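Note sheet for the following structure.
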Amino acid sequence: MATGKTLIAYATKGGVTEDAASLIAEILSNKYNLEVDIVNLGKTARPDLEQYRNVIVGSGVRMQRVYRKALKFLGNNFENKKVAIFLSSAEAGDPKSHDQAILKYIMRNLAKLPNVRPVAAEAFGGRIRFFGKTIADTRNMEKVKALAEDLGKKLD
Ligand SMILES: Cc1cc2nc3c(=O)[nH]c(=O)nc-3n(C[C@H](O)[C@H](O)[C@H](O)COP(=O)(O)O)c2cc1C
């Protein structure tokens with residue numbers, strides 16, 4: 001039996017998706033009184049989903065691909081749960097390629113997952129570091145907050 005809990009499960013390589021997951025969790029629990037657990041899919045690949053009514057999945061994108069761990073997790077059975085998806089992607093951080101990034105990295109993957117019908121899906125920018133130096137940074141925490149607010153109204 002699903003309880004009212006919300007799970008945020010994320011896959012990250014550079015930490016940006018993790019920061020977004022933490023901010024979303026903070027807003028959902030502090031402002032919307034949801035009980036939120038956060039799981040790093042790199043450490044816990046198969047969290048027990050039974051206890052959750054809402055599942056939010058986050059991932060980064062590299063080499064034109066959503067991280068494998070997040071895609072694998074999206075193959076779970078989310079029957080009777082509300083699902084939302086967010087991505088950190090350099091392409092999504094550029095207004096010129098944002099919509100194309102949503103299409104490539106979210107819609108095309110969802111087309112292969114007919115049982116996943118998210119209540120919200122968004123892609124934010126990301127950050128690219130090379131030998132410890134940031135060479136591109138299109139992170140947008142305001143957009144992350146906006147998604148959290150949207151989810152706060154849609155999830156219960
Ligand atoms: C080696 C490498 C390849 C990348 N390839 C892509 C890409 O194909 N498309 C894209 O939108 N962003 C790409 N990015 C940018 C990442 O999406 C960005 O670093 C994001 O913050 C990754 O999320 P994470 O920090 O949670 O791992 C790439 C970054 C790196 C370091």
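Since the model is a prediction, treat every value here as computed from it, not as a measurement. Counting convention: from 1, in listed order, for ligands and their atoms alike.
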Using non-hydrogen atoms of the residue, decide whether Ala101 is closer than 4.0 angstrom to ligand 1.
no

Calculate, to the nearest 0.5 Å, the distance between atoms CD1 and OG belonging to Ile27 and Ser22 respectively.
11.0 Å

As an exercise, identify every atom of ligand 1 less than 4.0 angstrom from a heavy atom of Gly14.
24 (P), 25 (O), 27 (O)

In terms of side-chain geometry, is the basic nitrogen of Lys31 or Glu149 positioned less than 4.0 Å from the acidic oxygen of its partner?
yes

For atom 11 (O) of ligand 1, what is the nearest protein heavy atom, given as residue, atom name and distance?
Ser89 OG, 2.7 Å

Who pairs with Tyr67 by ring pair (Phe, Tyr, Trp, His ring centres under 6.0 Å), at least two apart in sequence or on another chain?
none

If you measure every N or O of Gly15 against every N or O of ligand 1, does any of those distances drop under 3.5 Å?
yes

Short N-O contact, Arg129 and Asp137, less than 4.0 angstrom
no

Starting at CG of Asn54, measure out to CD of Glu35 and round the result to the nearest 0.5 Å.
11.5 Å

Where does Arg127 meet ligand 1, judged by heavy-atom distances below 4.0 Å: at the side chain, the backbone, both, or neither?
backbone

Judged by heavy atoms only, the candidate from His98, Gln64, Arg62, Lys13 nearest atom 29 (C) of ligand 1 is Arg62

Any side-chain heavy atom of Val119 within less than 4.5 Å of one from Val83?
no

Quick one: which ligand 1 atoms are inside 4.0 Å of a heavy atom on Ala90?
10 (C), 11 (O), 12 (N), 15 (C), 17 (O)

Using a 4.0 Å cutoff against the non-hydrogen atoms of Gly126, which atoms of ligand 1 qualify?
20 (C), 21 (O)

Could a heavy atom of Tyr105 be found less than 4.0 Å from some atom of ligand 1?
yes

Only distances under 3.5 Å count here; give the side-chain donor-acceptor pairs of residues 121-128 to other protein atoms, sequence neighbours excluded, each with its distance to 0.1 Å.
unit_1	atom_1	unit_2	atom_2	d
Glu122	OE1	His98	NE2	2.8
Arg127	NH2	Gly14	O	3.1

Separation of Arg68 CZ from Leu71 CG (nearest 0.5 Å):
9.5 Å

In ligand 1, the atoms that come under 4.0 Å of a heavy atom of Thr12 are 24 (P), 25 (O), 26 (O), 27 (O)

Under 4.0 Å from a heavy atom of Tyr67: which atoms of ligand 1 are those, numbered in the order shown and with their elements?
22 (C), 23 (O), 24 (P), 27 (O)

of all protein heavy atoms, closest to atom 5 (N) of ligand 1 is Met63 N, 2.9 Å

Which residue owns the protein heavy atom closest to atom 25 (O) of ligand 1, what's the atom, and how far is it?
Val16 N, 3.0 Å

Measuring from atom CG of Leu34 to atom OG1 of Thr6, what distance do you get when rounded to the nearest 0.5 angstrom?
4.5 Å

Ranked by distance from atom 13 (C) of ligand 1, the top protein heavy atom is Val61 O, 3.2 Å

Just which atoms of ligand 1 are under 4.0 Å from any heavy atom in Thr17?
23 (O), 24 (P), 26 (O)

In terms of residue, atom name and distance, what is the protein heavy atom nearest to atom 10 (C) of ligand 1?
Glu91 OE2, 3.2 Å

Tightest non-hydrogen contact, residues Thr17 and Thr12, listed as N-OG1, 3.8 Å

